[in-house]
Chemist: 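Before I ask anything, here is the structure I am working with.
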Amino acid sequence: MQGGGEAHGAGSADGELRKATGSDDCESGEKKEGDDFSDISDSELLSLQEAAESCDAYIEGEGLEMVDGVTSPGKIDATTSPEGQLHNSAGLSCSEMPGPPEVTQRKRKQESLNPLQKYHMRYLAVTDLCSQMWCEQQMVYKIEQPADLLPEKTAAMNEGSSIHLARELEVHDVVSVTTRNREDSWAIKCLNILAMIPVLQSGGRIREFPVFGELDGIFMVGVIDELAYSSSGELELRELKTRATPTLPRLAQKRTHELQVCVYKLLFDGMVSGVLQSECLIQILNLRPEQELGPEVKEHAIQSGLTVSTLKDIIELTFLNLTFSELPRIDSLKLEYCYQGDGAFLGCDIVNFKEKSVMEQVTFYLSFWKGQREIQGVDIEDTWKCRMCNYSNICEWRTQRTNTAPYRTMAKRLK
DNA sequence: ATTGCTGAAGGG
């Protein structure tokens, strides 16, 4: 049986702050190729930061050279306790025994919960939708898997992460900040947005822009890989996909990438056009608006020239900046593919954004989370995905499909 | 608290 109903993730206590830097080469805008970013020491980080501060004023155009902060291990705050698992009664396999009344009651309640409630999720990540699109059943197995038994990340994923980090560091510093609670984490997110807005306004390029908002009644959170202006002055979203093989992805995979960037656009456009209210954010996420920010977070806010003391302050400031900065909506969506092996460019795609079609897809995927429809595994023609799935041996969808396959074959033969 | 909560993306 699945251990269903565990908390969604255990979470580290740290946040990451993106610092626009000028560093030494504010003017040169040179980029060092082939730097190894993985082992920059703390002292180096500090000196780079100082350099950045001394040249704070000019965040313009190309001069944005970025350097690194490596998240320091150790420093484990007394934040999320690892106990995270709520052992609800859903996993009880005593079907014959009626059990005490309160257990039956709890069980009934459990069954009436939608997946969002069942897994204690206040929001979804944009990439949750993408894995859902790949295989909804696989995504659920992953969520239900106890955290300590989760399959390790593949080599391709790790390689992808490090390539993305290296690219990010070309554009700005990453400084790790100790956060004490969710309020602190959201404050860091806001600080990052506040730092990136002026860069965008002055025509610069940014990476890892946080986006969020409500879509079809469900709160969604994501991070835009890259935003920049094209030669024709359009605001372009770029999503880099690194590949373990020097080939372009199959259609099934490309579709998930397309949905990802389309949802980013929906969220970003909503943010700059003031669709989301700050009270709404606070309420949906159940944040404490009057919560004093942690000392490290405050310190970074002050460094950015902000006088804020509570989460409410910083959220309101962020929302004001977003709506009054007259940032454009995203004009074009671009997927870029390159080979992990030698960095070779494999191709790129311009994604056609059709709001109606995107919303239809979003509505379909979200309807699962709302409990409006049954779970759905891969279509019969996509069963090749099962060959690389960790759960294929226990997959109920697969069993069910195998049992019905002969009929489908017959039907096909009969035309 | 008979209640609470999550870095997202990472690639197939």
Side-chain angles (χ1 to χ4, degrees), chain A residues 5-18 71 79-86 88 102 105-106 109 116-117 119-131 133-135 138-139 142-143 147 151-168 174 176-179 181-189 192 207-212 219-226 239-245 247-257 260-261 263-264 267 284-288 337-340 378 382 384-390 392:
Chain A
E6 86 244 34
H8 192 61
S12 92
D14 283 343
E16 281 178 348
L17 193 70
R18 267 89 198 165
T71 44
T79 50
T80 339
S81 46
E83 94 255 321
Q85 321 253 355
L86 297 186
N88 56 40
E102 69 270 18
Q105 221 168 34
R106 248 187 289 167
K109 194 181 173 193
L116 222 44
Q117 301 163 320
Y119 304 121
H120 307 101
M121 295 161 78
R122 280 188 193 283
Y123 60 83
L124 290 178
V126 175
T127 48
D128 284 339
L129 283 195
C130 301
S131 23
M133 193 181 194
W134 179 262
C135 176
Q138 182 197 49
M139 178 198 65
K142 266 191 225 160
I143 293 173
E152 287 195 357
K153 282 182 281 184
T154 63
M157 287 166 97
N158 289 325
E159 182 60 20
S161 297
S162 79
I163 293 174
H164 273 266
L165 178 60
R167 289 253 194 153
E168 177 182 3
V174 177
S176 103
V177 180
T178 306
T179 55
N181 46 39
R182 297 186 303 126
E183 283 77 11
D184 279 356
S185 313
W186 278 90
I188 290 294
K189 216 185 272 273
N192 283 325
R207 280 195 159 265
E208 307 289 307
F209 187 91
V211 287
F212 44 82
F219 201 76
M220 304 275 317
V221 176
V223 179
I224 294 178
D225 194 21
E226 179 173 342
E239 172 71 32
L240 173 71
K241 295 296 180 196
T242 69
R243 311 259 315 147
T245 54
T247 56
L248 286 170
R250 294 187 190 224
L251 188 61
Q253 184 144 42
K254 230 182 77 174
R255 289 232 171 93
T256 69
H257 299 157
Q260 184 180 2
V261 293
V263 174
Y264 286 153
L267 295 174
I284 294 173
L285 297 177
N286 194 27
L287 295 166
R288 297 164 292 181
Y337 296 99
C338 74
Y339 178 42
Q340 290 183 349
V378 296
D382 284 336
W384 53 270
K385 290 175 181 173
C386 305
R387 279 189 284 118
M388 32 192 183
C389 176
N390 285 309
S392 56

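Note on naming: letters A, B, ... go to the chains in the order of the sequence lines (proteins, then strands), and numbering restarts at 1 for each one.
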Chemist: Does Thr256(A) put a side-chain nitrogen or oxygen below 4.0 Å from OP1 or OP2 of dG12(B)?
Modeler: no
Chemist: NA contact type, Glu208(A), heavy-atom cut-off 4.0 Å: base, sugar-phosphate, or nothing?
Modeler: nothing
Chemist: Can you identify which nucleotide, out of dG11(B), dG12(B), dA9(B), has its nearest atom closest to the Thr127(A) side chain?
Modeler: dA9(B)
Chemist: What's the CZ-C1' distance between Arg288(A) and dT3(B), to the nearest Å?
Modeler: 14 Å
Chemist: Atom CE of Met133(A) and atom C1' of dG11(B): how far apart are they, to the nearest Å?
Modeler: 16 Å
Chemist: Got Glu159(A) and Thr242(A) here, is their nearest side-chain heavy-atom distance under 4.5 Å?
Modeler: no
Chemist: What is the separation between atom NZ on Lys142(A) and atom P on dG12(B), rounded to the nearest whole Å?
Modeler: 13 Å
Chemist: Does the side chain of Arg243(A) get closer than 4.0 angstrom to OP1 or OP2 of dG12(B) through an N or O atom?
Modeler: yes
Chemist: Please compare Leu285(A) and Trp186(A) by the position of their nearest nucleotide in DNA chain B and report the one closer to 5'.
Modeler: Leu285(A)
Chemist: Counting side-chain heavy atoms from C-beta on, which of dC5(B), dA9(B), dG12(B) comes nearest to Val223(A)?
Modeler: dA9(B)
Chemist: Measuring from the side chain of Gln260(A) (C-beta onward, heavy atoms only), which nucleotide among dC5(B), dG12(B), dA9(B) has the closest atom?
Modeler: dA9(B)
Chemist: Could you check how far CG of Leu165(A) sits from P of dA8(B), rounded to whole Å?
Modeler: 17 Å
Chemist: dG12(B) P sits how many Å from His257(A) NE2, rounded?
Modeler: 8 Å
Chemist: Tell me: CZ of Phe209(A) to C1' of dA8(B), nearest whole Å?
Modeler: 15 Å
Chemist: Give one of base, sugar-phosphate or nothing for Thr154(A), where a contact means two heavy atoms less than 4.0 Å apart.
Modeler: nothing
Chemist: For the pair made of CZ in Arg250(A) and C1' in dG12(B), what is the distance, rounded to whole Å?
Modeler: 9 Å
Chemist: Can you check the distance between dA1(B) and dC5(B), where both ends of the measurement are the C1' atom (answer in whole Å)?
Modeler: 13 Å
Chemist: With the side chain of Thr242(A) defined as its heavy atoms from C-beta on, choose the nearest nucleotide among dG11(B), dC5(B), dA8(B).
Modeler: dG11(B)
Chemist: Can you identify which nucleotide, out of dA9(B), dG11(B), dC5(B), has its nearest atom closest to the Val126(A) side chain?
Modeler: dA9(B)
Chemist: Any donor-acceptor pair under 3.5 Å linking the side chain of Glu183(A) with the backbone of Arg288(A)?
Modeler: yes
Chemist: What is the distance, to the nearest angstrom, from the CZ atom on Arg18(A) to the P atom on dA9(B)?
Modeler: 12 Å
Chemist: With a 3.5 Å distance limit and no angle check, can you tell me whether Asp128(A) reaches the backbone of Met139(A) through a side-chain donor-acceptor pair?
Modeler: no
Chemist: What pairs with His164(A) under ring-ring contact (aromatic ring centres under 6.0 Å, His included), at least two apart in sequence or on another chain?
Modeler: none
Chemist: Given dA8(B), is OP1 or OP2 found less than 4.0 Å from the side-chain N or O atoms of Lys189(A)?
Modeler: yes
Chemist: If only side-chain N and O atoms of Tyr123(A) are considered, is one of them under 4.0 Å from the OP1 or OP2 phosphate oxygen of dA8(B)?
Modeler: yes
Chemist: Contact class for Tyr264(A) vs. all strands (heavy atom < 4.0 Å): base, sugar-phosphate, or nothing?
Modeler: sugar-phosphate
Chemist: Hey, does the side chain of Tyr339(A) come within less than 4.0 Å of dG11(B)'s phosphate (OP1/OP2), counting only N and O?
Modeler: no
Chemist: Hey, which sits more toward the 5' end of DNA chain B by its nearest nucleotide, Gly222(A) or Cys389(A)?
Modeler: Gly222(A)
Chemist: Is any N or O donor-acceptor pair between the side chain of Gln138(A) and the base of dG12(B) shorter than 3.5 Å?
Modeler: yes
Chemist: So Asn286(A), base contact, sugar-phosphate only, or nothing? Heavy-atom distance under 4.0 Å.
Modeler: sugar-phosphate
Chemist: Would you check if Glu16(A) and Val177(A) make a side-chain contact, meaning some heavy-atom pair closer than 4.5 Å?
Modeler: no
Chemist: Can you list everything that forms a salt bridge (charged side-chain N to carboxylate O under 4.0 Å, His left out) with Lys189(A)? Sequence neighbours excluded, please.
Modeler: none
